[in-house]
*Asks:* 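Mind having a look at this structure? Questions to follow.
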Protein chains: 2
Amino acid sequence: MNDLAGKIQDAELEVMRVLWEKADAMSLIDIRKILSDRCGWEDSTIKTLLRRLLDKGIVRLEKRGVYSPVVTRDEYIQWSTHTFINKIFSGSAKNLVATLVSNEQLDEKDIKELSAMFNAGEKNE
Amino acid sequence: MNDLAGKIQDAELEVMRVLWEKADAMSLIDIRKILSDRCGWEDSTIKTLLRRLLDKGIVRLEKRGVYSPVVTRDEYIQWSTHTFINKIFSGSAKNLVATLVSNEQLDEKDIKELSAMFNAGEKNE
DNA sequence: CTTAAAAGTTTACCAGTGTAATCTACTGAA
DNA sequence: TTCAGTAGATTACACTGGTAAACTTTTAAG
């Protein structure tokens, strides 16, 4: 799924979040329950969104009334991060992080923890 | 410009890139030259995009035929980074960076350099 | 077997976007 | 003063996305 089969739209993403929260396949009933509550959407809206996700191959119909994600949350995160960095930082993840640091979107505590990660990673060099 | 006055669209962003590349205000002539070359757009397309940017308050008409950005590149980068992190990482910049590290979107060299930044920042704690 | 409820399908409608043609208004040069 | 060439404004048109109604098919319960 290189272009994520045409991108997950904002409203569709809301549906995916629900599916991703559950490890298993989910019934329309449960999906509806959560989404009508969380987003105030009508039944038909939810069905439309699921249909679009099916069409894009992002979701699969396990059996009548039961859906499960084809694209995993991790895949999506990775893809969207990649896309974002390309668009805004010309593909340089480093520049992104440097920007975060100078804009203080990472606090002292974050930096400590990340430093630890970095140093851990550095050992196999 | 909290919501960046209704968001800069992809095609519009291409126009902004041109304006941002130059410190000064730019003439339509120069904008057109670059964009028709870079994107293969017709004259009218470029004028439409500039109009939309004007309407959104993202660009200003300095005088007849001369445009300059109202939103700076840095503002845009900051805003879009913020928006992205909210959408995908529930607002946690740290999680973003952690993901970059585990997905190896940062290489050893990047990490070294960033570590240095981090350590430099850590002194005033 | 019949039927109501749930699921799936078709159609709709508006705003926004990518892309552009055309028409109108200025303005500087002759 | 007039006119050609820019610049700006209006209109267009197809496609997508957010939101949903209405219609059709399937299925489980009685």
*Asks:* From CZ of B:R32 over to P of C:dA20, roughly how many Å is that when rounded to an integer?
*Replies:* 14 Å
*Asks:* Identify which nucleotide among C:dA6, C:dT17, D:dG18 has an atom closest to any side-chain atom of B:Q9, counting heavy atoms from C-beta outward.
*Replies:*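 Per side-chain heavy atoms of B:Q9, the pick is C:dT17.
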*Asks:* Give a yes or no answer on whether the side chain of B:D37 reaches the backbone of B:I34 with a donor-acceptor pair at less than 3.5 Å.
*Replies:* no
*Asks:* Would you please confirm or rule out a distance under 4.0 Å between OP1 or OP2 of D:dT19 and any side-chain N or O of A:T45?
*Replies:* no
*Asks:* Between C:dA7 atom P and A:R64 atom CZ, what is the distance in whole Å?
*Replies:*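 The answer, rounded to whole Å, is 7 Å.
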*Asks:* Any idea which of C:dT19, D:dT19, C:dG8 is nearest the B:T48 side chain?
*Replies:*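 Within the option list, the nearest is C:dT19.
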*Asks:* Verify the neighbour count for atom CZ of B:R17: are there more than 12 heavy atoms of other residues, nucleotides or ligands below 6.0 Å?
*Replies:* yes
*Asks:* Mapping B:G65 and A:E42 onto DNA chain D by nearest heavy atom, which one lands closer to the 5' end?
*Replies:*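 So the residue in question is B:G65.
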*Asks:* Classify the nucleic acid contact of B:D43 as base, sugar-phosphate or nothing, counting any heavy atom under 4.0 Å across all strands shown.
*Replies:*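 No contact.
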*Asks:* Could you state the atom-to-atom distance from CD1 of B:I46 to P of C:dT17 in whole Å?
*Replies:* 19 Å
*Asks:* For B:L28 and D:dT6, what is the distance between atoms CG and P respectively, to the nearest whole Å?
*Replies:*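 In whole Å, D:dT6 P and B:L28 CG are 11 Å from each other.
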*Asks:* Counting only distance, no hydrogens or angles, is the base of C:dG16 paired donor-acceptor with the side chain of B:R52 under 3.5 Å?
*Replies:* no
*Asks:* Where the side chain of A:L61 is defined as all heavy atoms beyond and including C-beta, which of D:dA7, C:dG8, D:dT19 is the nearest nucleotide?
*Replies:*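 For the A:L61 side chain, the nearest candidate turns out to be C:dG8.
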*Asks:* Rounded off to whole Å, could you give me the CG-to-P distance for the A:L35 and D:dG18 pair?
*Replies:*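 One finds 13 Å between P of D:dG18 and CG of A:L35, rounded.
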*Asks:* Classify A:L50 by what it touches in the nucleic acid, base, sugar-phosphate, or nothing, heavy-atom distance under 4.0 Å.
*Replies:*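 Touches nothing.
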*Asks:* Look at the side chain of A:T83 and the backbone N and O of A:W79, then say whether any donor-acceptor pair between them is shorter than 3.5 Å.
*Replies:* yes
*Asks:* Tell me if a side-chain donor or acceptor on A:W20 pairs with a main-chain N or O of A:V71 at a distance below 3.5 Å.
*Replies:*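 It does hold such a pair.
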*Asks:* Given C:dA21, is OP1 or OP2 found less than 4.0 Å from the side-chain N or O atoms of B:S44?
*Replies:*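 Yes, B:S44 has a side-chain N/O under 4.0 Å of OP1/OP2 on C:dA21.
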*Asks:* CG of B:L53 versus P of C:dT17: gap in Å, rounded?
*Replies:*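 Those two atoms, CG and P, are 11 Å apart.
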*Asks:* Taking only N and O in the side chain of A:K63, is any of them less than 4.0 Å away from OP1 or OP2 of D:dT26?
*Replies:*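 Indeed not, no polar side-chain atom of A:K63 lies that close.
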*Asks:* Specify the separation, in whole Å, of atom CG of B:D55 and atom P of C:dG16.
*Replies:* 12 Å
*Asks:* Atom NZ of B:K47 and atom P of C:dA20: how far apart are they, to the nearest Å?
*Replies:* 14 Å
*Asks:* For the pair B:T99 (side chain) and B:N95 (backbone), establish whether a donor and an acceptor sit closer than 3.5 Å, ignoring hydrogens and angles.
*Replies:*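 Between the backbone of B:N95 and the side chain of B:T99 there is a qualifying donor-acceptor contact (under 3.5 Å).
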